[in-house]
Number of protein chains: 2
Amino acid sequence: MPDIPKKVPQVERAMERLGDAAYRQMKERIIRGVYRPGHKLTVRAVAQDLDVSTTPARDAINRLTSEGALVYTGPKTVVVPVLDSTALREITLTRLALEGLASEQAAQHGTPVDVEELKSLQRLINSALDEKRYAEALWHNKEFHFAIYRLSGLPHLVSIIESLWLRIGPSLHNLYPEFAEEKYGVRNHEIAMEALEERDAASLRAAMENDIRDGYRRLKRANQEKEGDCSA
Amino acid sequence: MPDIPKKVPQVERAMERLGDAAYRQMKERIIRGVYRPGHKLTVRAVAQDLDVSTTPARDAINRLTSEGALVYTGPKTVVVPVLDSTALREITLTRLALEGLASEQAAQHGTPVDVEELKSLQRLINSALDEKRYAEALWHNKEFHFAIYRLSGLPHLVSIIESLWLRIGPSLHNLYPEFAEEKYGVRNHEIAMEALEERDAASLRAAMENDIRDGYRRLKRANQEKEGDCSA
DNA sequence: TTCACATTTTTGTTGCAACAAAAATGCAGC
DNA sequence: GCTGCATTTTTGTTGCAACAAAAATGTGAA
């Protein structure tokens, strides 16, 4: 008898599986730019962070890795990916295609109720910006975009777009300190809402594409400055 | 390091983790349409199938699930998703955007060597079709497409396209019996190769889009017939 | 200092057992 | 035949420990 009966831990609550919860929380943190690009993630550290055992933590890390949200830099080291300017450009290109498509489709399904919801989200963005709660502004910005994309009625597309946001999320980290000297994309959002109201697919797509390009420039600049800091 | 120390990592070849191997094999089977849509997957069955313990099997299933390649139909049941005509259309729409983009970019980077490789792949497709080895033809067809997409130099984009193929893969299962009365997309492939040779981005994109649309029609028809069988 | 090497620590992986819950099965009663 | 309910079987989840391999650290020499 190699093993003595082990003490079995009982988990009373488990509506959501621990692995899923860990995955979801990690995902949210990555999209929010909580982790600095290059940050190393270890199974045990994540487990301790989220207060679960190693199994769900490893589960979450593996899932995020096979989605490209995390990457291997060595046989035993998973890190939050560092996007160079090439990768940033590539993802932006893909975002333009996908989020442009979603916007176009959304224009055909939007209702006045949806526009109201967007306006409400925009108010949240504005007040967060006014009070310099940039992380919150960024989060509401994400919700604004996805509220539109969901209107497309194309759930597969939306989930793929989400995986793209997962990849650029870490770059937002560099944005935090000196974020948003000017209002972040407010004008584009206003145009987008107007276009949605008028069911103008081309305009909505253009507005969203503009917003994406705008964010891209901001991100590129922030990353360049960051690289400058490191090499200097 | 020009000098080689005595403790050299002899086994330089990547020791693949069991979880990764399981994931990769499952992925390949799904893309190839080995599993019938609706097929239920259990941890223990997969483990026995791939001759690993439950941990790597569960790992693979979880990863595929969070990528959308498998879906939950109950709290404890993961199945190969059944695509209805709406979902099929949505994925095709997304494929057109993404694979169209990849094709355009590929046209700008293709070399004569690449064209030769494509021709060689096309020969494999043709001979497989001639000898009615349809599964093989389908596989080479996938390689043909991705050989082009990889020329785009956009690895993120390619990996996202792969996740889309993962979602339509199961539908290919319905295609197997009466597959390919006519030659599958041969004409489109020929045009694509010609366009690549001439670095004609628009033509290459058009050819690939045509191929996708062609496959879509075929798939739609096969699925309808399948549904007809079930309800009859 | 810097480099190379040996030692220690950290870390991912894997198999397994026990549990809880879902799915399958049996069975009685109609 | 079918339906509803209780029982049995199947199944996913989770924590854990042992192991191997990689990373970190220490050490000493030039």
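- Comparing D:dC16, D:dT14, C:dG12 by their closest approach to the side chain of A:Thr54 singles out D:dC16.
- Note on A:Ser53: a side-chain N or O is less than 4.0 Å away from OP1 or OP2 of D:dG15.
- B:Arg17 places its CZ atom 5 Å from the P atom of C:dT13, with the value rounded to the nearest Å.
- Counting only N and O atoms by type, the side chains of B:Tyr23 and B:Glu67 include a donor and acceptor under 3.5 Å apart.
- For the pair A:Lys40 NZ and C:dT9 C1', the interatomic distance rounds to 12 Å; values are reported in whole Å.
- A cation-pi arrangement, defined by a distance under 6.0 Å to the six-membered ring centre and an angle within 45 degrees of its axis, is present between B:Lys142 and B:Phe146.
- A:His39 and A:Tyr35 have parallel rings, their planes meeting at less than 30° on a 0 to 90° scale where 60° marks the start of perpendicular.
- Between the side chain of A:Thr55 and the base of D:dG15, at least one donor-acceptor pair of N or O atoms lies under 3.5 Å.
- Here C:dG12 presents its P atom at 19 Å from CD of B:Glu16, a figure rounded to the nearest Å.
- Residue B:Tyr72 has its side chain nearest to D:dT13 when only C:dA22, D:dA23, D:dT13 are considered.
- Atom pair B:Asp49:CG and D:dT11:P shows a separation of 13 Å (rounding to whole Å applied).
- OP1 and OP2 of D:dG12 both lie 4.0 Å or more from every side-chain N or O belonging to B:Arg58.
- With a 4.5 Å cut-off on side-chain heavy atoms, B:Glu99 and B:Met208 do not count as touching.
- At a threshold of 4.0 angstrom between heavy atoms, the contacts of A:Thr42 are confined to the sugar-phosphate backbone, with no base atom among them.
- A close approach under 4.0 Å does occur between a side-chain nitrogen or oxygen of A:Thr77 and OP1 or OP2 of D:dA23.
- Rounded to whole Å, atom P of D:dT13 lies 9 Å from atom CD1 of B:Ile61.
- Applying the 3.5 Å distance criterion, the base of C:dA21 shares a donor-acceptor pair with the side chain of B:Lys76.
- Between the CG atom of A:Asn62 and the C1' atom of D:dT13 there is a distance of 16 Å, given to the nearest Å.
- Atom P of nucleotide D:dT14 and atom CG of A:Asp20 are separated by 8 Å, given to the nearest angstrom.
- Side-chain nitrogen and oxygen atoms of B:Arg44 include none within less than 4.0 Å of the OP1 or OP2 phosphate oxygen of D:dT11.
- Look at CG on A:Leu18: it is 13 Å from P on C:dA21, rounded to the nearest Å.
- Judged by the 6.0 Å and 45° rule, A:Arg95 forms a cation-pi pair with A:Trp165.
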